[in-house]
Amino acid sequence: MLDIHTHNLQASCDAVISVAPSQFAPVAGKLYSVGIHPWFSAEEAARELPLLEDAASHPQVVALGETGLDGVKGMDIALQQRYFAAHIDLAKQMHKPVIVHMVRTSQQVAKACRGAGVPVIIHGMRGNENVARTLIDAGFYISYGAHFNPAALQATPLDRLLVETDDTPVAIETVLEKVSQALSIPTPALTLTVQRNAATLLSL
C-alpha cells in the first residue's frame, strides 16, 4: 500500500480509491474509502448519507472519507460539521480510519476529532509548519501529495507520514521521490516507511 488517497478509479491495487457513496461499485482486489465531500450541496449530502451507511461495512472499504471541513468552499460550515460528525461516528462503529479534507479549519478539525478513537488522516496537506504541529499534537496521520510545504513535511514524524496522488495525474513514485528529497531520505527507505504506516492504520 503506497497511495493512501486517489480519485483515479483505474488506480492499481496499491492505492485507496476515494469515491462518493453513489459512486461505490467495488472492483475485486481494490480498496476504497467512501465519503461525502464538504463541497457537496446539502441536498446531495442528504441523499448520499444512507448510501454511505450501507457502504461503510463493505470489506473493501478500508476508510471513511474523504470528509471534513472547508472554510473556503462548500456547504454552510454548520452543515459540514454535521456530516463530518456523522462520518466520525460511523468510523467508530466500523473501526475504520477517517480521511479528512481540511482547508483553513485546522483548529475546528482537531476539535471535531478529539476522542474519535480511530485513526485520522489529513489528506493533501499544504499547510505550514504550525498547522502541521497542531495536527501532529492531535495525533493525526498526515498525507502529502506532489505539492507541500517543506517545513511542514520536515516537522511530521516518520511514523505519521503518508503519501498520495489525490486527483492529479502525478505518479505516486514521483510523489515519493519529491518527499524523499525534501527529507534527505533514500526513496526505498521512505517507501518502506510509508507502506508500513499505511498497512498499520488500515489493518492490512
If you compare all heavy atoms of His87 against all heavy atoms of Leu52, which two are closest, and at what distance to 0.1 Å? NE2-CD2, 3.4 Å
Are Val100 and Ile88 grouped together when hydrophobic residues (ILVMFWY) are joined by side-chain heavy atoms under 4.5 angstrom apart? yes
Work out which heavy atom in Pro38 is nearest to a heavy atom in Leu69; give both atom names and the distance. CG-N, 4.4 Å
Enumerate the side-chain hydrogen bond (donor to acceptor under 3.5 Å, both in side chains) contacts for residues 131-155, please, sequence neighbours excluded, ordered by first and then second residue. Glu129-Arg133, Ser143-Glu164, Tyr144-Thr156
Given Asp3 and Val16, is the side chain to side chain contact (heavy atoms under 4.5 Å, CB included) satisfied, shown in steps? CA-CA 6 Å; Asp3 190 345; Val16 177; over 6 Å; no
Tightest non-hydrogen contact, residues Asn128 and Met125, listed as O-CE, 3.9 Å
Specify whether His123 and His101 have parallel, tilted or perpendicular ring planes, treating 30° as the upper limit for parallel and 60° as the lower limit for perpendicular. tilted
Per-pair distances, 0.1 Å, donor-acceptor, side chain in residues 89-98, under 3.5 Å, sequence neighbours excluded:
{"residue": "Lys96", "atom": "NZ", "partner": "Ala56", "partner atom": "O", "Å": "2.6"}
{"residue": "Lys96", "atom": "NZ", "partner": "His58", "partner atom": "O", "Å": "3.1"}
{"residue": "Lys96", "atom": "NZ", "partner": "Val61", "partner atom": "O", "Å": "2.6"}

Do Leu135 and Leu162 land in one hydrophobic cluster if side-chain heavy atoms of ILVMFWY residues count as linked below 4.5 Å? no
Residues that Glu48 engages under side chain to side chain donor-acceptor pair (under 3.5 Å), provided they are two or more places apart: Ser22
Are Ile172 and Ile142 joined in one hydrophobic group, where the rule is that I, L, V, M, F, W and Y side chains link up if heavy atoms are under 4.5 Å apart? yes
Residues 69-79 vs salt bridge (charged side-chain N to carboxylate O under 4.0 Å, His left out), sequence neighbours excluded, gives none
Could you walk me through whether Trp39 and Met75 pass side chain to side chain contact (heavy atoms under 4.5 Å, CB included), step by step? CA-CA 6 Å; Trp39 290 357; Met75 289 183 280; over 6 Å; no
Students should find that the hydrophobic cluster of Val103, defined by side-chain heavy atoms under 4.5 Å apart, otherwise consists of Val72
Nearest heavy-atom approach of Val194 to Val163 is CG1-CG2, 3.7 Å
For Asn197, the side chain to side chain donor-acceptor pair (under 3.5 Å) test, sequence neighbours excluded, returns none
Separation between CG of Leu161 and CG of Leu183, rounded to the nearest 0.5 Å: 6.5 Å
Counting C-beta onward and ignoring hydrogens, is there a side-chain heavy-atom pair between Gln80 and Thr105 closer than 4.5 Å? no
Under the side-chain hydrogen bond (donor to acceptor under 3.5 Å, both in side chains) rule, what pairs show up with a residue in residues 6-15, not counting sequence neighbours? His5-His7, Thr6-Thr165, His7-Glu66, His7-Asp166, Ser12-Asp14
Under 3.5 Å, which donor-acceptor pairs link side chains of residues 24-34 to any protein atom two or more places apart or in another chain?
{"residue": "Lys30", "atom": "NZ", "partner": "Leu9", "partner atom": "O", "Å": "3.4"}
{"residue": "Lys30", "atom": "NZ", "partner": "Ala11", "partner atom": "O", "Å": "2.9"}
{"residue": "Tyr32", "atom": "OH", "partner": "Val27", "partner atom": "N", "Å": "2.9"}
{"residue": "Ser33", "atom": "OG", "partner": "Gly65", "partner atom": "O", "Å": "3.1"}

Mind checking what makes side-chain contact (heavy atoms from CB on, under 4.5 Å) contact with Pro157, not counting sequence neighbours? Ile136, Asp159, Arg160
Connected via hydrophobic side-chain network under 4.5 Å: Leu158 and Ile4: no
Same cluster for Leu51 and Val19 if Ile/Leu/Val/Met/Phe/Trp/Tyr side chains link at under 4.5 Å? no
Quick check: do Lys178 and Val170 have side-chain heavy atoms less than 4.5 Å from each other? no
Could you pull out all donor-acceptor pairs under 3.5 Å where a side-chain atom in residues 113-121 meets a protein atom, sequence neighbours excluded?
none

Does anything in residues 180-194 pair up under side-chain hydrogen bond (donor to acceptor under 3.5 Å, both in side chains), and if so which pairs, sequence neighbours excluded? Ser180-Thr187
Of all residues at least two apart in sequence or in a different chain, which pass the side-chain contact (heavy atoms from CB on, under 4.5 Å) check with Glu44? Phe40, Ser41, Arg47
Would you say Thr67 and Ile99 make side-chain contact, with heavy atoms under 4.5 Å? no
Rounded to the nearest 0.5 Å, what separates atom CZ in Phe148 from atom CZ in Arg126? 11.0 Å
The test is side chain to side chain contact (heavy atoms under 4.5 Å, CB included); show your working for Ile36 and Phe84 and say whether it passes. CA-CA 8 Å; Ile36 300 170; Phe84 189 21; over 6 Å; no
Atom NZ of Lys111 and atom OG of Ser106: how far apart are they, to the nearest 0.5 Å? 13.5 Å
Taking every non-hydrogen atom, the tightest pair across Asp54 and Ser57: O-OG, 3.7 Å
Between Thr168 and Val175, does the side chain to side chain contact (heavy atoms under 4.5 Å, CB included) criterion hold? Intermediate values first, please. CA-CA 11 Å; Thr168 70; Val175 176; 6.0 Å; no
